[in-house]
Visitor: 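Could you have a look at this structure, given as structure tokens, before my questions?
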Amino acid sequence: MAKKTRITIDEYYCKGCGLCIDACPKGSLAFAERLNEQGYHPVECTDQEACTGCSLCYVACPDSAITIEKE
Amino acid sequence: MENEGSLVIVTGCYGSGKTEYAVNLAAAGEPGRTMLVDLDVVNPYFRSRDLRDEFSARGIDVVAPEGSFSHADVPMLSRRVKGALRNTEKRVIIDVGGDPMGARALARFSGTIKERGYRMRLVVNTRRPQNRTVEEVLDMAARIEAASGLVIQELVANSHLMEETTREVVEEGAAVAGEAARQSGRDFFTVCVLEDLLPRLGEPRVQARIFALKKHLRKPWEPGSGKAWRI
Amino acid sequence: MGDKILMKGNEAVAEAAIRAGCRHYYAYPITPQSELIEYMARQMPLAGGTFLQAESEVAAINMVLGAAACGMRVMTSSSSPGISLKQEGISYIAACRLPAVIVNVQRGGPGLGNIAPMQADYFQATRGGGHGDYYTPVLSPSSVQEFADMAPLAFEIAEEYRTPVVIFADGMLGQMMEPVVFPDSYAPQKDPSAWALGCKREGEFCNHIINSLFIDPAVLDQKTRELFAEYDRIRQNEIRYERYNLDEQPSILVVSTGTAARVVKSAVDALAEEGIKVGLLRPITLWPFPYQAVAEAARGVKKVLTVELNMGQMEQDVRLALAGSCETAFVGKAGGLVFTPEELTEIIRGYAS
Amino acid sequence: MRIVAKRTRGLTSARLTYCPGCLHGVAHRLIGESMEELGIIERAIGIAPVGCAVFAYNFFSCDMIQVPHGRAPAVATGLRRSRPDCVVFTYQGDGDLAAIGMAETVHAANRNENITVFFINNAVYGMTGGQMAPTTLAGMKATTAPYGRDVEDTGGPTRMCELLATLEMPWFITRVSLLSPKDILKAKKAVKKAFKNNLDKKGFQFVEMISTCPTNWGMDPLRAREWAKQEMLPVFPPGVYKDRGAEQEDAS
């Protein structure tokens with residue numbers, strides 16, 4: 001069974017630039033429909049199960065909005 | 001006595017009073033037969049060239065950068081220096097810039113100077129920093145010799161605090177210069193005192209004769225400075 | 001008190017600064033202040049301090065900004081054109097509320113001018129100098145001793161009000177030699193650890209930020225007002241001047257500072273012997289200017305003369321002080337020419353008759 | 001669950017002011033993380049430049065000072081000589097460092113001043129609205145080069161690493177890219193190495209980071225990255241241009 005990981009994107013910081021979506025090898029990140037308080041479509045994780053915790057999204061994020069936890 | 005030697009080089013620590021001494025030597029020289037060579041390339045103010053007009057009127061030739069360049073702050077030497085050094089018809093007094101740095105300007109002429117023969121004097125003012133003890137004076141002498149390629153034969157004591165000079169200051173300077181001369185086998189040549197101060201100082205107890213200096217280089221607010229002060 | 005020794009103004013102010021605890025000095029050579037940087041080059045390492053010849057005056061003043069931000073007693077020096085280049089940094093240092101000392105050994109201007117003494121940077125020094133709404137205290141010496149004494153004084157003022165302080169000398173004061181004595185002790189530095197960068201702090205970590213950027217106009221307005229409140233305090237506490245021959249009612253009042261005031265004193269003395277009473281008021285702080293002292297000294301005189309080594313700059317402050325209450329005239333020389341006492345005596349005598 | 005990656009303590013909690021997708025934020029994170037990992041947040045002093053990063057004093061959690069345009073290496077000189085036990089870094093853009101601050105940069109490098117210079121190169125003045133920078137590419141348009149940069153008239157793109165590497169004294173000079181996660185991981189190593197060298201008092205550390213300016217280039221962040229990979233990296237090739245530490249190891 002794959003290790004459980006959790007990815008959290010802090011909407012306070014996210015500017016919806018999409019660099020993390022591009023970085024994710026599993027395609028498990030996507031823009032949300034809604035707007036955040038800054039007026040951007042924040043990114044959310046659409047598939048926590050697929051996430052391997054590789055952290056490339058974290059590496060690409062210019063706003064340090066992402067936290068990654070592993071079991 | 002002060003007029004011994006046909007080529008006298010005056011060196012010393014920065015601010016020792018070399019220029020005033022050199023100017024006094026020149027002023028005491030025979031009109032028409034005396035040249036004062038200003039080799040000071042480090043000091044921008046209070047240079048012997050400031051007296052050129054006054055001296056030339058008295059038949060004393062001041063060799064220094066000419067015209068407007070005499071107020072420049074570039075290390076400039078008059079093209080007449082070499083000719084002056086070779087002119088044995090005249091007694092030549094060289095006013096050198098202070099410290100080993102100023103003495104460097106001599107090095108390029110050292111060949112001509114040695115050919116002619118010279119006496120180099122070190123002016124000592126023990127009220128200047130870095131010139132206060134026998135050791136410091138001898139160190140300064142050694143460094144000036146190294147920079148100029150010439151030898152200092154004579155020491156001149158010129159300890160002073162301008163108008164605030166006391167007898168103790170004069171005696172202290174003479175003692176240090178005398179001891180430095182003794183230790184280094186040089187001649188303790190003379191002790192300078194401002195002429196105006198002589199009455200007040202009485203007769204300082206010193207081991208050399210006293211040379212009364214006239215004040216030629218005045219600050220602009222000192223009466224009589226008008227003609228001399230050019231910059 | 002130590003021994004009396006003979007020093008150039010440039011050397012004396014450097015020595016005094018080191019004795020007063022200045023351990024950081026950054027500068028760039030220029031005549032007629034080069035003895036100052038050379039003295040520092042020689043002595044600062046021996047005192048265990050930092051000496052660095054910067055690549056430009058612009059770099060030098062910014063090195064000063066760095067050291068001042070760390071709360072160090074730091075000094076720089078230059079002469080007129082170099083001080084112009086330093087104005088960028090001085091404005092930042094003033095805005096960041098940092099103590100620092102800047103020595104200007106003025107030369108002839110404008111442009112490259114010449115190396116002779118002038119007081120042509122008066123406007124620059126007393127009106128802030130760089131961009132923005134600020135002032136710096138300006139101390140104007142007129143002897144080598146006073147020049148030396150101003151180094152510790154400048155540091156004390158700089159630290160008390162957290163401001164850059166300018167020592168406003170000229171080539172004559174820098175180059176001439178006079179006897180000087182240094183005091184045995186100096187006021188200790190004010191503790192900068194509440195605001196300085198890189199201070200080891202106890203307890204919870206809180207970083208220090210030094211900044212002069214205030215994007216919000218209301219905040220910048222507030223910051224500027226804080227600066228000017230401090231200037232009010234400086235005006236209250238730091239105005240300095242000398243009154244010379246002013247005890248008996250003079251017929252003429254001369255206002256003059258620095259080297260020019262030295263010549264004025266010779267003229268005042270000469271005229272006193274002739275029975276002509278002339279008084280001198282010599283501002284020692286040029287900012288804040290002793291407006292009130294000038295106005296008081298001018299009471300009952302026939303005329304107020306301002307004597308400067310420029311074409312008339314301090315004269316404007318004198319007229320502000322008098323506010324039209326007294327006739328004034330300006331006597332000046334440009335080009336680095338200095339009045340002779342005889343010449344000035346004659347001019348003043350002309351106004352007295 | 002244990003945290004494997006989260007916002008570094010080297011950054012404050014303030015939201016960055018940069019445009020979406022601007023790689024300044026990545027550079028900030030690398031610096032903040034390196035400070036945290038080396039345990040130097042409490043003894044680092046950072047210099048905010050003039051440029052888009054002018055507000056950097058709000059973003060790094062160490063002591064910070066904001067300084068005049070181009071003068072950061074001079075201020076850093078004063079800082080580091082006052083606080084020899086602190087780690088002093090500057091954060092500068094191409095206009096700041098390679099135009100107005102060229103003299104300060106070159107001389108600080110030549111003195112091997114013990115500071116770390118982070119040089120963000122995005123070939124354009126960002127803050128003032130897209131004017132030509134010393135690093136603007138040949139033919140590239142800018143608001144002050146509306147017909148494209150004519151190198152015959154305004155000179156070619158300034159290669160700072162190559163230029164500084166001709167000096168004998170500077171310790172470590174490298175160019176990295178922030179244009180992909182892989183490049184960013186490499187860049188992190190360079191940032192950390194530069195800080196480590198400063199801690200060891202080795203001298204001048206220069207880390208140039210090839211970055212983007214999506215807003216002034218008129219591209220979305222992804223396209224900007226691709227454009228930079230194609231156009232900038234051939235002109236500004238990443239690599240180590242000087243490493244006196246490695247030279248010494250080789251020699252021994």
Side-chain angles (χ1 to χ4, degrees), chain C residues 23-26 28 44 49-74 76 85-93 95-96 98 100 130-131 192 195-215, chain D residues 9-12 14 17 35 40-50 53-88 90 100-111 113 115 127:
Chain C
R23 290 293 177 275
H24 295 262
Y25 173 88
Y26 302 94
Y28 186 81
M44 196 53 110
T50 298
F51 165 85
L52 185 65
Q53 178 174 329
E55 59 270 28
S56 67
E57 286 92 345
V58 175
I61 193 69
N62 281 286
M63 292 171 185
V64 169
L65 169 60
C70 293
M72 300 295 151
R73 278 200 162 164
V74 58
T76 186
L85 286 171
K86 287 189 168 69
Q87 293 303 338
E88 171 194 73
I90 296 173
S91 170
Y92 274 73
I93 294 169
C96 292
L98 299 173
H131 62 283
W195 52 265
L197 302 181
C199 288
K200 298 271 178 297
R201 286 174 295 272
E202 297 287 319
E204 200 179 334
F205 179 76
C206 154
N207 63 333
H208 285 174
I209 295 173
I210 289 178
N211 175 36
S212 63
L213 177 70
F214 305 105
I215 287 290
Chain D
R9 207 169 63 77
L11 297 180
T12 65
T17 43
M35 287 198 292
I40 57 168
I41 300 173
E42 281 77 9
R43 57 196 279 204
I45 306 176
I47 299 183
V50 171
V54 68
F55 300 112
Y57 53 85
N58 285 327
F59 306 144
F60 292 109
S61 54
C62 55
D63 276 6
M64 291 294 295
I65 177 169
Q66 194 286 313
V67 306
H69 200 201
R71 314 301 174 218
V75 177
T77 298
L79 292 171
R80 86 98 180 156
R81 285 173 187 246
S82 299
R83 300 274 184 224
D85 291 329
C86 289
V87 174
V88 174
T90 77
I100 192 168
M102 177 66 101
E104 284 81 357
T105 305
V106 171
H107 286 279
N110 194 43
R111 289 192 300 265
E113 207 68 60
I115 59 173
M127 179 198 222

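Throughout, protein chains are lettered first and strands after them, A, B, ... in sequence-line order, and every chain is numbered starting at 1.
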Visitor: Taking every heavy-atom pair that is under 4.5 Å apart, which of D/Ala48, D/Ala74, D/Pro68, D/Gly46 has the most such pairs with chain C?
Guide: D/Pro68
Visitor: Suppose a student defines contact as a heavy atom less than 4.5 Å from any heavy atom of chain C. Which residues in residues 101-109 of chain D would they list?
Guide: D/Ala103, D/Glu104, D/His107
Visitor: Distance-only, no hydrogens or angles: does the C/Asn211 side chain make a donor-acceptor pair with backbone N or O of D/Gln66 under 3.5 Å?
Guide: no
Visitor: Who wins among C/Cys70, C/Ala68, C/Ala67, C/Ala60 for the most heavy-atom pairs under 4.5 Å with chain D?
Guide: C/Cys70
Visitor: Could you tell me which residues satisfy ring-ring contact (aromatic ring centres under 6.0 Å, His included) with D/Phe60, sequence neighbours excluded, listed by chain and number?
Guide: D/His28, D/Phe89
Visitor: Side-chain polar contacts of residues 49-56 of chain C - donor-acceptor pairs under 3.5 angstrom, sequence neighbours left out - could you list them?
Guide:
unit_1	atom_1	unit_2	atom_2	d
C/Glu55	OE1	D/Arg111	NH1	3.0
C/Ser56	OG	C/Val58	N	3.3
C/Ser56	OG	C/Ala59	N	3.0

Visitor: Who are the salt bridge (charged side-chain N to carboxylate O under 4.0 Å, His left out) partners of D/Arg81, not counting sequence neighbours?
Guide: D/Glu113
Visitor: What I'd like to find out is whether the side chain of D/Arg83 reaches to under 4.5 Å of the side chain of C/Met72, using heavy atoms alone.
Guide: yes
Visitor: Identify which of C/Val74, C/Ile215, C/Ile209 forms the greatest number of heavy-atom pairs closer than 4.5 Å to chain D.
Guide: C/Ile209
Visitor: Under 3.5 Å, side chain of C/Ser212 to main-chain N/O of C/Cys96, donor-acceptor pair present?
Guide: no
Visitor: Any chance you could measure C/Gln87, atom CD, to C/Ile93, atom CD1, to the nearest 0.5 Å?
Guide: 10.0 Å
